[in-house]
**Student:** 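Got a structure here, written out as structure tokens. Questions coming.
Worth saying up front: this structure is predicted, and the values here are computed from it rather than measured.
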Amino acid sequence: MATVALSGIITPSNIVTATSTTTLTNKTLTAPVLTAPVLGTPASGTLTNATGLPLTTGVTGNLPVTNLNSGTSASASTFWRGDGAWVAPSAGFTLGTPVATTSGTSINFTGIPAGTKQILFMMNGVSTTGTSPYLIQIGDAGGIETTDYRAIAATGTPTSTTSTSGFILTSANVAAQDQFGLVTLALENSATFSWNYSGALNDSFGGAGRLQSSAGGKSLSQQLNQLRFTTVNGTDTFDLGEVNIAYI
């Protein structure tokens with residue numbers, strides 16, 4: 001249904017006058033706006049001030065992108081979002097910069113952006129000079145937190161080790177044995193900043209290797225923005241491999 005303003009004189013005068021508006025229902029408009037036509041000459045013009053046009057049946061063809069937010073940022077690599085903006089699709093996980101684990105007793109990943117909901121922590125051939133299990137600690141704007149974790153790690157032996165000072169990744173460690181694997185940290189509740197983690201690592205113990213699995217949880221007081229990789233005793237020194245994170 002559309003309300004169309006017409007100008008000029010249309011006959012018969014009992015249908016519409018120069019200053020009248022009329023409601024058209026189920027009509028096809030071939031000359032929407034009539035502007036003082038000469039008798040016998042088809043009217044022409046542009047439809048203006050129309051309301052109630054049914055999009056499902058009254059519009060055909062493609063709507064120009066300039067009609068959506070003036071086409072600002074519209075391109076082959078963007079899409080029209082529900083909040084009225086042209087945006088690029090998410091690129092997925094952002095991969096961090098690998099950090100060599102060949103020295104030092106801890107490695108920090110900072111600048112994790114607000115709104116992050118999942119973090120992947122990857123170990124590639126990591127080892128230390130000692131036997132202390134590996135640990136991941138998380139933090140917010142107040143710093144890295146070292147208490148109130150609920151975490152456990154176990155090997156296939158089975159042997160298990162718990163920790164309240166961080167997300168423990170291994171229940172046992174042997175100096176110079178290399179570790180490969182992945183740990184996933186996921187935001188469980190954005191209101192309480194609660195994070196859960198689980199991981200699986202393969203070490204070179206005995207030459208054949210063994211599987212070490214881990215799981216747990218921890219809540220922060222603010223949004224997570226940093227992560228630390230270290231050991232339980234905090235003094236064993238890294239001597240091989242590298243680690244990295246990816247987040248989304």
**Student:** So, taking the atom named CD1 in Ile245 and the one named CE in Met122, what distance separates them when rounded to the nearest 0.5 Å?
**Tutor:**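 Here the interatomic distance stands at 7.5 Å.
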
**Student:** Would Leu240 and Thr101 count as a side-chain contact (heavy atoms from CB on, under 4.5 Å) if you check the C-alpha gap in whole Å, the side-chain angles of each, and the deciding distance to 0.1 Å?
**Tutor:** CA-CA 5 Å; Leu240 186 67; Thr101 48; 5.8 Å; no

**Student:** If you group Ile, Leu, Val, Met, Phe, Trp and Tyr by side-chain heavy-atom gaps below 4.5 Å, do Tyr247 and Phe193 land in one group?
**Tutor:**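 Hydrophobic grouping puts Tyr247 with Phe193.
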
**Student:** At their closest point, which heavy atom of Ser171 faces which heavy atom of Ala153, and how far apart are they?
**Tutor:**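 So the minimum-distance heavy-atom pair works out to CB-O, 3.3 Å.
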
**Student:** Just so I know, are the side chains of Glu145 and Leu220 near enough to count as touching, which here means a heavy-atom distance under 4.5 Å?
**Tutor:** yes

**Student:** Would a single hydrophobic cluster contain both Leu187 and Leu224, if residues Ile, Leu, Val, Met, Phe, Trp and Tyr are joined by side-chain heavy-atom contacts under 4.5 Å?
**Tutor:**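 In one cluster: yes.
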
**Student:** Under a 3.5 Å cutoff, is there a donor and acceptor pairing between the side chains of Thr72 and Ser70?
**Tutor:** no

**Student:** Quickly, which of Val232, Ile168, Leu169, Asn173 forms a side-chain contact (heavy atoms from CB on, under 4.5 Å) with Thr161? Name it, please.
**Tutor:**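 One option only clears the test, and that one is Ile168.
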
**Student:** Nearest 0.5 Å please: distance from the OG1 atom of Thr231 over to the OH atom of Tyr134.
**Tutor:**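 Between Thr231 OG1 and Tyr134 OH, I get 8.5 Å after rounding to 0.5 Å.
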
**Student:** Distance-only, no hydrogens or angles: does the Ser163 side chain make a donor-acceptor pair with backbone N or O of Ser165 under 3.5 Å?
**Tutor:** yes

**Student:** Quiz question: by atom type and distance under 3.5 Å, do the side chains of Gln212 and Asp203 form a donor-acceptor pair?
**Tutor:** yes

**Student:** Quick check: closest heavy atoms across Thr230 and Thr105, and the distance to 0.1 Å?
**Tutor:** OG1-O, 2.9 Å

**Student:** For Tyr149 together with Phe167, are the ring centres under 6.0 Å from each other?
**Tutor:** yes

**Student:** Taking all non-hydrogen atoms of both residues, which atom of Gly143 and which atom of Gln226 are closest, and how far apart?
**Tutor:** CA-NE2, 3.6 Å

**Student:** Check the side chains of Asp140 and Ser221 for a donor-acceptor pair under 3.5 angstrom, ignoring hydrogens and angles.
**Tutor:**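 Yes, Asp140 and Ser221 have a side-chain donor paired with an acceptor closer than 3.5 Å.
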
**Student:** For the side chain of Thr129 and the backbone of Thr237, is there at least one donor-acceptor N/O pair under 3.5 Å apart?
**Tutor:**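 Here the side-chain-to-backbone pair exists.
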
**Student:** Quick one: are Thr102 and Phe238 in side-chain contact, heavy atoms under 4.5 Å?
**Tutor:**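 Heavy-atom side-chain distance check fails, nothing below 4.5 Å.
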
**Student:** For Phe93 and Gln118, run side-chain contact (heavy atoms from CB on, under 4.5 Å): C-alpha distance rounded to whole Å, both residues' side-chain angles, the deciding distance at 0.1 Å, then the answer.
**Tutor:** CA-CA 9 Å; Phe93 280 92; Gln118 189 174 31; 3.3 Å; yes

**Student:** Are the side chain of Thr78 and the backbone of Ser73 linked by a donor-acceptor contact shorter than 3.5 Å?
**Tutor:** yes

**Student:** Which heavy-atom pair separates Ser219 from Ser194 by the least distance, and what is that distance?
**Tutor:** OG-OG, 2.7 Å

**Student:** State yes or no: do Leu120 and Val99 share one hydrophobic cluster built from I, L, V, M, F, W and Y residues joined by side-chain heavy-atom distances below 4.5 Å, directly or via other members?
**Tutor:**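 Shared cluster, no.
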
**Student:** Restricting to non-hydrogen atoms, name the atom on Trp86 and the atom on Asn69 that form the minimum distance, rounded to 0.1 Å.
**Tutor:** CD1-CB, 4.4 Å

**Student:** Would you please say whether a donor-acceptor pair under 3.5 Å links the side chains of Asp178 and Ser204?
**Tutor:** yes

**Student:** What residue among Ile136, Val243, Ile119 forms side-chain contact (heavy atoms from CB on, under 4.5 Å) with Val183?
**Tutor:** Ile136

**Student:** Between Asn233 and Thr235, is there a side-chain donor-acceptor contact under 3.5 Å, judged purely by atom types and distance?
**Tutor:** yes

**Student:** Could you go step by step and tell me if Ser127 and Gln177 meet the side-chain contact (heavy atoms from CB on, under 4.5 Å) rule?
**Tutor:** CA-CA 6 Å; Ser127 77; Gln177 71 176 22; 5.8 Å; no

**Student:** Please name the pair of heavy atoms, one in Gly142 and one in Gln222, separated by the smallest distance, quoted to 0.1 Å.
**Tutor:**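 For Gly142 versus Gln222, the nearest heavy atoms are N-NE2, 3.9 Å.
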
**Student:** With clusters defined by side-chain heavy atoms of hydrophobic residues (ILVMFWY) lying less than 4.5 Å apart, directly or transitively, does Ile107 cluster with Leu201?
**Tutor:**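 Per the 4.5 Å side-chain linkage, Leu201 and Ile107 are co-clustered.
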
**Student:** Can you tell me how far OG1 of Thr155 sits from CZ of Arg210, rounded to the nearest 0.5 angstrom?
**Tutor:** 5.5 Å

**Student:** Output, in order, the C-alpha distance, side-chain angles, deciding distance and verdict of side-chain contact (heavy atoms from CB on, under 4.5 Å) for Lys117 and Ile248.
**Tutor:** CA-CA 6 Å; Lys117 295 179 176 61; Ile248 190 170; 5.7 Å; no

**Student:** Do Thr184 side-chain atoms and Tyr197 backbone N/O form a donor-acceptor pair below 3.5 Å?
**Tutor:** no

**Student:** Below 30° counts as parallel, above 60° as perpendicular, anything between as tilted: where do the rings of Phe121 and Phe109 land?
**Tutor:** perpendicular

**Student:** Report yes or no: do Leu95 and Leu182 belong to one cluster of Ile/Leu/Val/Met/Phe/Trp/Tyr joined by side chain heavy-atom distances under 4.5 Å?
**Tutor:** yes

**Student:** Just wondering, do Gln137 and Leu227 contact through their side chains at under 4.5 Å, heavy atoms?
**Tutor:**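 They are not in contact (no side-chain heavy atoms under 4.5 Å apart), so the answer is no.
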
**Student:** Working to the nearest 0.5 angstrom, can you tell me the gap between Asp239 CG and Thr128 OG1?
**Tutor:** 6.5 Å

**Student:** Any donor-acceptor pair under 3.5 Å linking the side chain of Thr164 with the backbone of Asp148?
**Tutor:** no

